[in-house]
Amino acid sequence: MNGQRSEIGLAQPTHVPEAAEGRYAPGAGALFLLLLEDGTDEMRAAIDEQLDAVTAWWVKDPPDGPGFTQVEPDYPPASRHDVEHFLAASRIREVEAHVPLVLYLTGHGITSAATMHYAVLRKTTPERLLATGLRTTEIIAAALDSLSRDVLVIVNMCESSDVGSELQAMERDLTDRTDSATLHVLATAGPKKKVLGGAFAAILREAYELLRSSEEITRPFLTMGEFSGALRLATRAINAREGRKLEGPRALLSGKHDVPTATLPNPGYRMVAAAVEPGRQELAPTLEHLDYWLEKASGRPSATDAGWYFSGRRPLNENLASFLRGSAAVMVVTGIAASGKSAILGRAVTLSDESFRRSNRFEAAVLHCPPQTVPDEGSVTVAVTAHNRDPLDLLRALAMKLGATADPSGGTDALRRWQAGLKLFLQTPGPMVTVVVDALDEANDPVGCVRNVLVPLAGHQTAQGTRLDHVPAQPTQATPKGRGVRLVIAVRSSSPADDINRAEDSEHELLSELRTSFTDVTILRTDLEGMREDIAGYVRALLEGEDTWRGQDLGEVSHVVAAAVGRSFLDARVAAEQLRTGGPTLLGDAWWLDRLNTGTVGLLAADLDRVAEDGLGGEEALALLRATAFGLGRGIPWGEVWPAMAAVLLDRPLEGADEKIRTLLGGRLAGYLTYDSEDDRRVYRPAHDRLAAVLRRWPVNGAAGGRGERK
C-alpha cells in the first residue's frame with residue numbers, strides 16, 4: 001500500500017475503504033488531502049502544483065520504509081456537508097496511535113468579524129458563514145484529536161495564520177494529547193494575505209532539495225524546528241532569486257519543536273550500512289571506506305586478495321593482536337603525526353568485530369590476513385575517538401557504549417555521576433572489557449581525560465611504566481569480583497622513536513602522564529626504523545591495478561615517494577592519489593617532485609594548482625578546506641555554516657557555495673577531508689589533525705604557490 005491513493009466516495013458516505021479503516025502497511029503514514037477548489041482554472045492549476053510537491057515529500061517512499069497512504073475525496077468538496085462527510089467517512093478521527101497523520105488543507109479562507117477563520121467552499125455565502133462556511137479549526141481538530149501519536153496539519157489558505165488564536169483556546173481541550181503526542185500546525189499566509197497556491201509548492205520543493213543535499217541531517221525524521229528552518233531558507237532563496245517578497249510559513253502549534261516526528265520524513269536520509277557493531281563504529285572504517293580500500297585503493301589483483309589495508313606492518317599488528325588476547329593491562333600506541341596509529345587501531349577494531357568477520361562480503365579480507373595479526377573475535381568491546389572531546393564527553397561516550405548509566409549517588413556533578421555509574425558497571429561480574437581510545441592528544445583536555453576517565457576505567461594506581469617490544473599471549477580472564485579491563489590508547493609523540501633520547505621523550509607531557517598513571521604500560525611505537533619500507537609497500541599497493549601504471553616499475557616509484565615523504569602515511573596517500581590521476585609523467589615533473597619533498601604543504605599546493613580542472617577556483621577551494629579546520633567538535637556541518645565560514649576566510653561572499661562544495665567533495669580535494677556525525681548532522685573535518693594544523697596556519701591568499709611560480 002506504499003504511496004497508495006484511497007478515494008472516499010462522498011455519494012456513499014458509509015463506504016470506508018481499507019486504508020481508511022486503519023489497516024495501513026506497517027510503518028506507513030496517512031496523508032489526508034482536502035483540496036478546496038473554487039472552480040477556476042487558476043486555482044485548479046495551483047492545487048495541481050501543490051499536490052505534486054506534497055506527494056513527492058510524503059507519498060514517495062523514503063529510502064528504507066513505506067511512504068504515506070494518500071486519502072482524499074473522489075471529487076472536490078463544494079459544501080460544508082461534503083467536508084463533514086469526508087471527515088466522517090475517512091475516519092480521520094480514528095487513525096491509530098502508531099500511524100503518523102498528515103492533513104494538508106488548501107483553498108480560500110476568510111477571517112470573520114468575530115476573528116474566526118472559515119474555509120470558503122464553492123457553495124459558501126460570505127454573508128452566511130456560520131451556516132455555509134466551515135470553521136477551519138473543526139477540520140484541524142479532527143486530526144489533532146485523533147488517536148495518532150504524530151500529527152502534522154498544514155493550512156495553506158488565505159489568512160491562515162489567524163487560526164492561531166483559536167488553536168490557543170483549543171489547546172486547553174488537548175492537554176492530554178499535547179503531553180503524550182507530537183502535534184504540529186503550520187500556516188502559510190499572514191493576516192489579510194491570500195493563499196500562496198503555487199508559491200507554497202515552490203517553497204516545499206526548494207526545502208525538499210535543501211534537506212536532500214546541503215542540510216545533511218542523518219536522522220530518518222525531522223523536527224518541526226528543522227522543517228520550519230528549511231522552509232524559511234527556501235523562502236529566502238526564492239525571494240532572492242526571483243525578486244519576490246514571500247513570507248515564510250509559520251508554526252501555530254508546536255509544543256515539541258525539537259523532537260523528531262514521523263510526520264516529517266527526512267528527504268536527505270540515507271541509511272548507511274555499518275561494517276561493525278555500534279560500539280566499535282567510531283574507529284572502524286565505514287562500508288564506503290572499506291569498499292575503497294578493498295576494491296580500489298589496494299589495487300588487489302583478484303577478488304580473493306585482501307589488499308594492503310589488512311596486510312603490511314606485520315610486527316605492529318602482531319603485537320597489538322597479542323595484547324588483545326592477554327589479561328587486564330594498558331597499551332599505549334604512539335608515534336609521530338601521520339605514522340599510522342589510527343590505521344593500526346582501526347584494523348584491529350574492524351577485524352575483531354563479529355559482524356564483520358561473519359559477513360560474506362568481507363570473509364576473504366579476514367581469511368587472507370596473517371593469523372598472528374588477527375585479534376580474537378569480540379576482543380575489542382568498544383572503540384571511541386577522543387578528538388575534540390572533553391573528559392565528560394569522553395566518559396559519557398565510553399560508559400553508554402558499554403551499557404553503563406550515570407549513578408545519581410555520585411552527587412550533582414555530572415562527571416562524578418558517570419564515574420560512579422561506570423564503577424558500578426565494572427564491579428558487576430562479567431567478561432573482560434577491552435576499550436580502545438584513539439587520538440587522546442586531540443582531546444580538549446587530554447590530561448583531564450587521563451585522570452578523570454582512563455585511570456578510573458582501568459582501575460590502576462600510579463606506577464612507572466615500561467617499554468615492551470612484545471607482549472606474550474595470556475589467556476583471557478575476568479576477575480571474580482568484577483570485570484577486567486584492557487585499555488588501548490593512541491597518542492601522538494613529539495619526535496620519532498629512533499631520533500630522540502629517552503629523556504627528551506619522557507618530557508612529553510601527555511606521554512609522561514600516561515607512563516606514570518598506569519602499571520605495566522606496554523608502549524607500542526608506530527614510527528620505528530623500517531617504516532620507510534612499509535610506506536613504499538603502501539604506495540605500491542595504491543598504484544597497482546591502475547591502467548595508467550601498468551608495465552611501470554612500481555618498486556622504483558614507491559621508493560621515490562617513500563624517500564620523499566619520510567615517515568608520513570598521510571603524505572604518501574596524497575602523493576599516491578596524485579600519481580594515480582596524473583600518471584607516470586608526473587615523476588618527470590621537477591616542480592611536482594619539489595613539492596613532494598615539502599610534505600603536506602607542497603602536496604596540497606600541487607592539488608590547489610590543478611583544482612581548476614574540477615571547476616573550482618584555487619582561493620575558493622582553499623577557503624572551503626580551511627573552514628573545516630576551524631570547526632569545533634567533530635567537524636562543521638554543510639547547511640549555512642560551511643559557506644559562511646568560507647566567506648569569512650575569503651573576506652567576500654562565496655557565490656554558488658552549495659554547488660562549489662558539491663564539486664569539492666567530488667573532486668581531487670575530497671581526500672583531504674573526512675566526515676562524521678554530530679548532533680544528527682553530517683560534519684566535515686580535515687582527514688588528519690596534522691592536515692588541520694597546516695590549514696589553520698596557511699598563509700593569507702594561499703602563498704604556497706601555483707603554476708605561475710614554476711621555475
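Values below: all heavy atoms of this structure, side chains included; hydrogens, waters and symmetry mates excluded.
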Hey, mind stepping through S517 and R451 against side chain to side chain donor-acceptor pair (under 3.5 Å) and telling me if it holds? CA-CA 8 Å; S517 294; R451 297 175 180 176; over 6 Å; no
Below 4.0 angstrom, N of the basic side chain to O of the carboxylate: do E659 and R662 qualify? yes
State the CG-CG distance between L654 and L650, to the nearest 0.5 angstrom. 6.0 Å
Measure the spacing between CZ of R595 and CG of D589 and express it to the nearest 0.5 Å. 11.0 Å
Under the salt bridge (charged side-chain N to carboxylate O under 4.0 Å, His left out) test, residues paired with R696 that sit two or more places apart: none
OG1 of T526 to CE of M531: how many Å apart, nearest 0.5 Å? 6.0 Å
Could you check whether any side-chain heavy atom of V437 comes within less than 4.5 Å of a side-chain heavy atom of V488, counting everything from C-beta outward? no
So CG of L392 and CG of D445: to nearest 0.5 Å the spacing works out to 11.5 Å
Would you call R389 and E442 a salt bridge, using N to O less than 4.0 angstrom? no
Any chance the side chains of T434 and T381 put a donor and an acceptor closer than 3.5 Å? no
Under a 3.5 Å cutoff, is there a donor and acceptor pairing between the side chains of R525 and S493? yes
Return the set of residues passing salt bridge (charged side-chain N to carboxylate O under 4.0 Å, His left out) with D614 (not counting sequence neighbours), or none when no residue passes. R668
Side chain to side chain donor-acceptor pair (under 3.5 Å) filter on D607, not counting sequence neighbours, yields Q578, Y672
If the condition is ring pair (Phe, Tyr, Trp, His ring centres under 6.0 Å), which residues does Y684 pass it with, not counting sequence neighbours? W642
Mind checking salt bridge (charged side-chain N to carboxylate O under 4.0 Å, His left out) for D571 and listing every partner two or more places apart, or none if nothing turns up? R690
SB check D438 K341 (cutoff 4.0 Å): no
Nearest 0.5 Å, please: how far is CG in D353 from CD in E377? 8.5 Å
Does any donor atom in the side chain of T385 or R634 lie under 3.5 Å from an acceptor atom in the other side chain? no
Salt bridge check: are K660 and E620 linked by an N-O gap of less than 4.0 Å? yes
Under 3.5 Å, is there a donor-acceptor pair linking the side chains of D658 and W638? yes
Can you list every salt bridge (charged side-chain N to carboxylate O under 4.0 Å, His left out) pair that touches residues 551-565, not counting sequence neighbours? none
SB check D679 R681 (cutoff 4.0 Å): no
